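These figures come from a predicted structure and were not determined experimentally.
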Amino acid sequence: MNPTRTASRPRTALRLRTTALASIAVIAGLALSACAPAAPAAAPTSAGAKPVDGGALTFAIANDPISLNPSGIGSGNDTWYVTRQLVDSLLYQNPQTGELEPWLATSYKSNADATSFTFELRHGVTFSDGTPFTAANVKATFDDIQTGGALTQTTSNFVGYKETKVIDDDTVEVDFSTPNAAFPNSTASVGLGIVGNATLAVPFANRADGKAIVGTGPFTLDSYTKNVSTVLTARKNYAWAPKALGNNGRAHLDTVTFQVAPEAGVRTGSLTSDQVDVIGGVQPTDVQTLQDAGYPLISRGNPGISFGLSFNLARPIVSDIAVREAISAAIDPTVVRDTALNKLFNVATSTLAKNTPSWADESKHFSYDPKHAGTLLDKAGWTKGANGIRTKGGTPLTLQLAWITNFGPNQTSLELIQQQLKKVGIDVVLSGSTVPEFLAKQASGDFDIVWGNLSRADGDVLRTQYSKATTKLHIDDPELETLLQGQLAAGNPAARDKILAEAQARIAAQYYQIPVHELTSILSTQSTVHGIRLGADSRLDSLVSAWKDAH
């Protein structure tokens with residue numbers, strides 16, 4: 001049976017009811033510890049309040065987008081906050097239910113082995129340059145991603161890609177040579193947002209400034225000033241937002257300005273001094289201050305890869321599983337969470353965060369036991385020197401750890417981890433950098449450990465992070481690879497859950513990653529701002545339904 005998906009369906013306790021593909025299942029909502037302060041995933045609106053049309057919204061973000069090309073390589077969340085407003089996706093993943101719902105596609109169906117997906121497209125959609133949206137645009141966008149090569153980070157969603165066929169103007173078929181059960185979920189992402197012919201006429205490498213980006217989204221680019229701001233203007237004739245967003249017409253706001261403010265304190269100060277309407281990347285240390293002052297918080301746990309330590313297995317020291325296990329035993333993640341963050345953030349129990357589909361608890365592998373860490377290192381031949389740092393054959397146990405400075409608590413978390421590891425004789429050199437510098441370091445392989453996370457509302461994120469075909473970690477594990485590729489071919493949700501659970505168990509048992517804490521996205525707004533919400537991936541959702549009180 002090849003079912004067609006249209007509307008969302010109810011779910012039972014902690015598991016969504018899905019048909020055929022587990023890729024559309026996700027446990028939505030913020031998973032918090034019992035004593036965590038509550039915060040909604042959307043800006044609160046007074047009951048019965050009518051949205052106000054007009055007005056300008058200023059949104060402070062931490063990083064320059066780097067690239068406004070939806071499928072290009074940018075600065076992560078802050079890039080997608082902006083590009084989400086310019087392009088629409090074939091499907092919309094409802095953050096409340098986890099279901100895939102109509103957007104540019106009104107429905108889709110798959111064949112039995114998840115190698116072919118047919119999308120029926122919405123009528124009457126236009127790009128910002130006035131050209132009509134058709135199946136040919138879907139094909140051209142997907143083909144363009146394939147030819148983007150190293151310039152795009154979305155090719156991993158197209159594993160086994162064969163071709164996209166235009167059946168007619170309103171029907172498109174995407175075919176794969178091997179099963180890709182995660183593909184429908186992927187089509188809801190910003191990176192697979194559909195762009196017009198005018199965009200594709202410009203070489204991929206020349207689209208970063210956004211001037212060539214023509215999308216079907218509710219906003220268009222007015223101006224982009226690197227490291228300063230990106231200004232968007234509402235489209236007058238937009239009328240095809242997902243039903244769940246609650247606005248079937250043009251955006252309420254006239255303009256949105258994403259203002260770059262790297263310092264978290266500056267962003268918070270800009271909000272409390274009424275210079276901006278919304279701030280992203282609220283730091284844990286500012287949460288209570290903003291709550292006490294009456295500024296609404298919007299937060300949601302990020303599905304996907306938990307923040308943790310991953311190892312470059314091409315480097316001799318960490319290629320030894322005994323060293324990786326010792327590092328795990330020497331880290332107390334609860335102390336890290338409680339010191340660097342707050343209880344809005346979960347202590348991680350697996351490579352996947354708890355609200356990711358197919359999450360499995362692997363905490364048994366990650367017990368804090370510094371004595372055991374020492375025993376493991378002793379057996380592996382690492383002996384403590386006079387300075388407390390271990391050596392083996394004259395080589396000190398010194399490891400290079402790369403991380404990105406775009407999330408404030410990273411430094412505090414890593415300094416705590418550095419101290420904990422030093423107690424068992426492991427010397428860690430912290431190398432923090434901007435996103436472009438980090439990507440260059442990752443590409444060069446000049447690191448032993450990398451600290452980071454990756455948000456995505458599907459368990460297939462394990463493949464994009466740890467498959468031999470896509471990882472920068474030089475993992476060559478046939479057993480793990482079989483699991484990561486096998487989940488793409490799973491014929492039903494239960495089978496896919498089982499395979500992804502086995503993949504998590506393998507990653508944990510081999511200590512390819514040591515999870516420390518999950519990420520929570522936190523925004524804060526003026527009390528006059530409404531309709532700001534986080535999507536299923538816990539990144540900023542479309543602003544089509546956002547509005548401000550009249551002044």
Say whether, by atom type as modelled, one donor and one acceptor occur between the side chain of Ser89 and the main chain of Ser189 under 3.5 angstrom.
yes
Check the side chains of Thr115 and Asp113 for a donor-acceptor pair under 3.5 angstrom, ignoring hydrogens and angles.
yes
Regarding Ser75 and Thr79, is there a side-chain donor-to-acceptor distance under 3.5 Å anywhere?
yes
N/O donor-acceptor pair under 3.5 Å between Arg84 side chain and Ser542 backbone:
no
If I compare all heavy atoms of Ile213 with all of Leu68, which pair ends up nearest, and what's the gap?
CG1-O, 3.5 Å
Side chain proximity check, Ile194 to Val87, heavy atoms < 4.5 angstrom:
no
Side-chain ion pair, Asp537 and Arg539, N-O less than 4.0 Å
yes
For Ile305, which of Thr464, Thr356, Val461 qualifies under side chain to side chain contact (heavy atoms under 4.5 Å, CB included)?
Val461
A quick test of your reading: do over 12 heavy atoms of other residues, nucleotides or ligands sit less than 6.0 Å from NZ of Lys498?
no
Does any part of the side chain of Leu462, heavy atoms only, come nearer than 4.5 Å to the side chain of Ile507, both counted from C-beta?
yes
Just wondering, are more than 12 heavy atoms of other shown residues or ligands nearer than 6.0 Å to CD in Glu263?
no
If the threshold is 4.0 Å, N to carboxylate O, is there a salt bridge linking Asp427 and Lys422?
no
Gap separating the CD atom of Gln487 from the CG atom of Leu483, nearest 0.5 angstrom:
9.5 Å
Does NZ belonging to Lys392 count more than 12 external heavy atoms closer than 6.0 Å?
yes
Look up atom OG1 in Thr349 and atom CD in Glu518, then write down how far apart they are to the nearest 0.5 Å.
6.0 Å
In terms of side-chain heavy atoms, does Glu362 have a donor or acceptor partner in Thr351 at a distance below 3.5 Å?
no
To the nearest 0.5 Å, tell me how far Leu399 CG sits from Asn312 CG.
11.0 Å
Which atom names give the shortest non-hydrogen contact between Ala212 and Val202, and what distance separates them?
CB-CG2, 3.6 Å
Shortest non-hydrogen contact from Val82 to Pro65?
CG2-CG, 4.1 Å
Can you run down the ring pair (Phe, Tyr, Trp, His ring centres under 6.0 Å) pairs that involve residues 454-480, sequence neighbours left out, and say none if there aren't any?
none
Ring centroid separation Phe183 to Phe176 under 6.0 Å
yes
Sidechain N-carboxylate O distance under 4.0 Å for Asp460, Arg456
yes
SB check Asp458 Arg496 (cutoff 4.0 Å)
yes
Has Ser299 got a side-chain atom pairing as donor or acceptor with Ser521's backbone, closer than 3.5 angstrom?
no
CA sep, side-chain torsions, deciding dist, call: Asn410, Trp451, side-chain contact (heavy atoms from CB on, under 4.5 Å)
CA-CA 9 Å; Asn410 278 345; Trp451 167 264; 2.9 Å; yes
Would you say the side chains of Gln93 and Asn185 form a donor-acceptor pair under 3.5 Å?
yes
Any donor-acceptor pair under 3.5 Å from Thr141 side chain to Val138 backbone
no
Arg337 with Asp332: basic N within carboxylate O range, under 4.0 Å:
no
If we ignore hydrogens and angles and just use 3.5 Å, is the side chain of Thr152 paired with the main-chain N or O of Gly148 as donor and acceptor?
no
Looking just at side-chain N and O atoms, do Gln504 and Ser350 make a donor-acceptor pair shorter than 3.5 Å?
yes
List the steps and the verdict of side-chain hydrogen bond (donor to acceptor under 3.5 Å, both in side chains) for Asn111 and Ser116.
CA-CA 6 Å; Asn111 65 355; Ser116 183; 4.8 Å; no
What are the two closest heavy atoms between Asn180 and Pro184, and how far apart are they?
O-CD, 4.2 Å
Check: Trp403 ring centre within less than 6.0 Å of Phe438 ring centre:
no
Apply side-chain contact (heavy atoms from CB on, under 4.5 Å) to residues Phe447 and Leu473 and explain how you reach the verdict.
CA-CA 10 Å; Phe447 66 95; Leu473 302 174; 4.1 Å; yes
Hey, is the main chain of Gly301 close enough, under 3.5 Å, to the side chain of Ser538 for a donor-acceptor pair?
yes
Parallel, tilted or perpendicular: ring planes of His517 versus Phe407, cut at 30 and 60 degrees:
tilted
Do Pro436 and Ile66 have side-chain heavy atoms sitting under 4.5 Å apart?
yes
Salt-bridge criterion met for Arg300 and Asp541 (N-O under 4.0 Å)
no
For Asp477, is there an ion pair with Lys468 - N to carboxylate O distance below 4.0 angstrom?
no
The reported gap from CZ in Arg533 to CG in Leu523 (rounded to nearest 0.5 angstrom) is 12.5 Å
Tyr108 and Phe119 aromatic ring geometry - parallel, tilted or perpendicular at 30°/60° bounds:
parallel
Given side chains that start at C-beta, do those of Thr395 and Thr391 come closer than 4.5 Å, heavy atoms only?
no
Side chains of Leu309 and Ile417, heavy atoms from C-beta outward: is any pair under 4.5 Å?
yes
For the residue pair Asn94 / Glu101, report whether a side-chain donor-acceptor contact shorter than 3.5 Å exists.
yes
From Ser319 OG over to Ile475 CD1, what is the distance, rounded to the nearest 0.5 angstrom?
12.5 Å
Walk me through whether Glu173 and Thr164 qualify under side-chain hydrogen bond (donor to acceptor under 3.5 Å, both in side chains).
CA-CA 6 Å; Glu173 177 183 304; Thr164 298; over 6 Å; no
Just how far is it from atom CD of Glu415 to atom CG of Leu430, taken to the nearest 0.5 Å?
7.0 Å
Would you check, one step at a time, whether the test salt bridge (charged side-chain N to carboxylate O under 4.0 Å, His left out) holds for Lys139 with Asp143?
CA-CA 6 Å; Lys139 172 179 171 55; Asp143 287 348; 3.0 Å; yes
Kindly indicate whether the side chain of Phe204, heavy atoms from C-beta on, has any atom under 4.5 Å from the side chain of Asn69.
yes
Residue pair Thr434 / Glu437, side-chain donor-acceptor N/O under 3.5 Å
yes
Taking the side chain as C-beta and beyond, is there a heavy-atom pair between Tyr512 and Leu313 under 4.5 Å?
yes
Please check this pair: side chain of Arg315 against backbone of Asp446, looking for a donor-acceptor N/O pair closer than 3.5 Å.
no
Minimum-distance pair of heavy atoms, taken over all atoms of Leu100 and Ala188:
CD2-CB, 4.2 Å
Test of ring centre spacing under 6.0 Å for Tyr161 and Phe142:
no
Might you confirm whether atom CD of Glu163 has over 12 heavy atoms from other residues, nucleotides or ligands at distances under 6.0 Å?
yes
All heavy atoms of Ala340 vs all of Leu416, minimum pair found to be N-CD1, 4.5 Å
Under a 4.0 Å threshold between the charged nitrogen and the carboxylate oxygen, would Glu502 count as salt-bridged to Arg506?
no
